[in-house]
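Inspection log for the structure reproduced underneath, given as structure tokens.
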Number of protein chains: 2
Amino acid sequence: MELSKTSYVILGMLRLGKRTGYDIKALVDVSTRFFWAASYGQIYPELKRLEEAGLVRGEREAGDARRRKSYLLTPAGEEALRDWLNSDKPLHDELRHEGVLKFFFADALVPEEQLALIRRIRAHHEAVGDQLRGIQAVKATERPENRFPGLTLEWGIEYQRRLAEWCAVTEHQLTEELLPDRR
Amino acid sequence: MELSKTSYVILGMLRLGKRTGYDIKALVDVSTRFFWAASYGQIYPELKRLEEAGLVRGEREAGDARRRKSYLLTPAGEEALRDWLNSDKPLHDELRHEGVLKFFFADALVPEEQLALIRRIRAHHEAVGDQLRGIQAVKATERPENRFPGLTLEWGIEYQRRLAEWCAVTEHQLTEELLPDRR
DNA sequence: CTGATCATGTAATTCGTTACATGATTCC
DNA sequence: GGAATCATGTAACGAATTACATGATCAG
């Protein structure tokens, strides 16, 4: 049976312990969202399918007026997760970056506009970097048996920093062309 | 009238001169594909819509047995392109990276498997980098009035190189832990 | 008591890919 | 003459988002 990548997000989150669909969404929003997003519209139906497939088990807490339903991984689910992690099938890698796209077409602009565009792109990456650093602060209190989420967050921060830096360098070059050094 | 991002890809490509839908697809596949992909299923219907909107004009060459239809930008199309480039609306920025996703969940693996995973991710980025360098060779003969496509390509190569390098560093760290230095 | 958050789910819609159908031209 | 490529298009499908509906609980 073929699972979507997003279903592995769910399995991976459930490996950390019992979780509701709501919990999973909240976790995704402060972690994998930056390289693999997921919405309620995917998570709830997918939980149902995963349960039918025997990869997760859901239970409503008796007497829980909130009719909350928590899921946990079955052994089959753990195996499916590990199989995916160890699989050497080509890695899905997709980027949709409007900033780079605009940059690609920037010959249509006059130099001042080009500069303004690059500044907007830089501001964007700085803002995302700030967001990630905010999350880092929250996560600072987490347990050490799961080190990879933290490493991934560091990677994300570094990634945004480099993109912003590349903008700064390009910005500098264009400025020099516009206002050549006079000494 | 709201245009999709992909329609700006089309407008941007047509700014470089008269092109058929087929031409645009071929151009996208060696350039924007890496940060904004597009397929025939989008391009042909979108060209029709853009023509109805008066942003492009299409004409079938008389006596062309191949029934080829070339499009070019109208002044309104050029304006729409420039307006988009200068707009300061938030930039769409979306990443779906299965490698990073697996890395995030890698605590479920034993160290040898973690190492193998990182190697697969590195190999992936090296392969994409090679692809981009191949394109660079082809593009080396292009005109200078459009400098930004070339800059973007350099950015892409650098981007892949850094991702691969980050994998190499992490790989090294994990190896050290597995086989601590004995002197 | 009221607004924020917790909580589950579905329906409509959008966006995009893949596969298919069809046929001409070019290169060997 | 046959394979690769040029060329246009559509239909079916899939993946994911957004908006909506509904209601409980919690903090002030």
Side-chain angles (χ1 to χ4, degrees), chain A residues 1-10 13-14 18-30 32-52 56 58-71 90 92-98 101, chain B residues 1-10 13-14 18-30 32-52 56 58-71 90 92-98 101:
Chain A
M1 184 202 36
E2 275 297 299
L3 296 183
S4 68
K5 315 297 176 191
T6 301
S7 58
Y8 291 111
V9 176
I10 295 173
M13 292 302 186
L14 290 182
K18 194 194 276 189
R19 296 277 187 280
T20 66
Y22 188 84
D23 292 338
I24 292 170
K25 170 73 163 96
L27 270 175
V28 164
D29 280 348
V30 295
T32 68
R33 167 165 83 89
F34 299 94
F35 45 90
W36 205 284
S39 62
Y40 290 126
Q42 290 173 275
I43 291 169
Y44 284 114
E46 194 60 38
L47 277 170
K48 200 181 281 182
R49 275 191 293 271
L50 289 171
E51 185 167 29
E52 280 160 22
V56 306
E59 41 193 34
R60 290 186 196 270
E61 243 63 38
D64 185 348
R66 286 208 220 175
R67 81 218 166 94
R68 184 158 43 157
K69 192 171 181 185
S70 294
Y71 291 87
H92 180 124
D93 178 15
E94 193 186 337
L95 180 62
R96 289 205 178 252
H97 193 308
E98 193 179 359
L101 185 61
Chain B
M1 184 203 37
E2 276 296 298
L3 296 184
S4 69
K5 315 297 178 194
T6 301
S7 57
Y8 291 111
V9 175
I10 294 173
M13 291 303 187
L14 289 183
K18 193 193 277 186
R19 296 276 188 280
T20 66
Y22 188 84
D23 293 337
I24 292 170
K25 171 71 162 97
L27 270 174
V28 164
D29 280 349
V30 295
T32 67
R33 167 166 82 89
F34 298 94
F35 44 90
W36 205 285
S39 62
Y40 289 127
Q42 291 173 277
I43 291 169
Y44 284 114
E46 194 59 38
L47 276 170
K48 202 182 279 182
R49 276 191 293 271
L50 289 172
E51 185 166 29
E52 279 160 22
V56 307
E59 42 192 34
R60 291 187 195 270
E61 243 65 38
D64 186 349
R66 285 207 219 175
R67 80 218 165 95
R68 184 159 44 158
K69 192 171 180 186
S70 294
Y71 291 86
H92 180 126
D93 179 15
E94 193 186 337
L95 180 61
R96 290 207 177 251
H97 194 308
E98 194 179 359
L101 185 62

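Everything quoted here is computed from the prediction, not taken from an experiment. We name chains A, B, ... by the order of the sequence lines, and we start the count at 1 in each one.
- A salt bridge does not link B/E98 with B/R96: none of the charged nitrogens is closer than 4.0 Å to a carboxylate oxygen.
- A heavy-atom distance below 4.5 Å is found between the side chains of B/H92 and B/W36.
- Atom CD1 of B/I43 and atom P of C/dT17 are 9 Å apart (whole Å).
- Atom pair A/R19:CZ and C/dC6:P shows a separation of 14 Å (rounding to whole Å applied).
- Salt-bridge check for B/K69 with B/E51: passed, with a basic side-chain N closer than 4.0 Å to an acidic carboxylate O.
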Protein-to-nucleotide contact annotation, 5' to 3' order, nucleotides 7-18 of chain D [B base; S sugar-phosphate only; - none; under 4.0 Å, heavy atom]: BBBS-----SBB
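- Residues passing the side-chain contact (heavy atoms from CB on, under 4.5 Å) test with A/S39, sequence neighbours excluded: A/Q42.
- The end-to-end axis angle of the helix from C/dC1-D/dG28 to C/dC28-D/dG1, rounded to 10 degrees and based on five pairs per end, is 30°.
- A salt bridge links A/R49 and A/E46; the closest N-O separation between the charged side-chain nitrogens and carboxylate oxygens is under 4.0 Å.
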Should A/L95 and B/F34 be marked as a side chain to side chain contact (heavy atoms under 4.5 Å, CB included) after you check the CA-CA gap, both sets of side-chain angles, and the distance that decides it? CA-CA 7 Å; A/L95 180 62; B/F34 298 94; over 6 Å; no
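- One can place NZ of B/K25 at 12 Å from C1' of C/dG16, the figure rounded to the nearest angstrom.
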Verdict with reasoning, A/D29 to A/K25, per side chain to side chain contact (heavy atoms under 4.5 Å, CB included): CA-CA 6 Å; A/D29 280 348; A/K25 170 73 163 96; 2.8 Å; yes
Audit row: B/V9, B/I43, side chain to side chain contact (heavy atoms under 4.5 Å, CB included) steps and yes/no: CA-CA 9 Å; B/V9 175; B/I43 291 169; over 6 Å; no
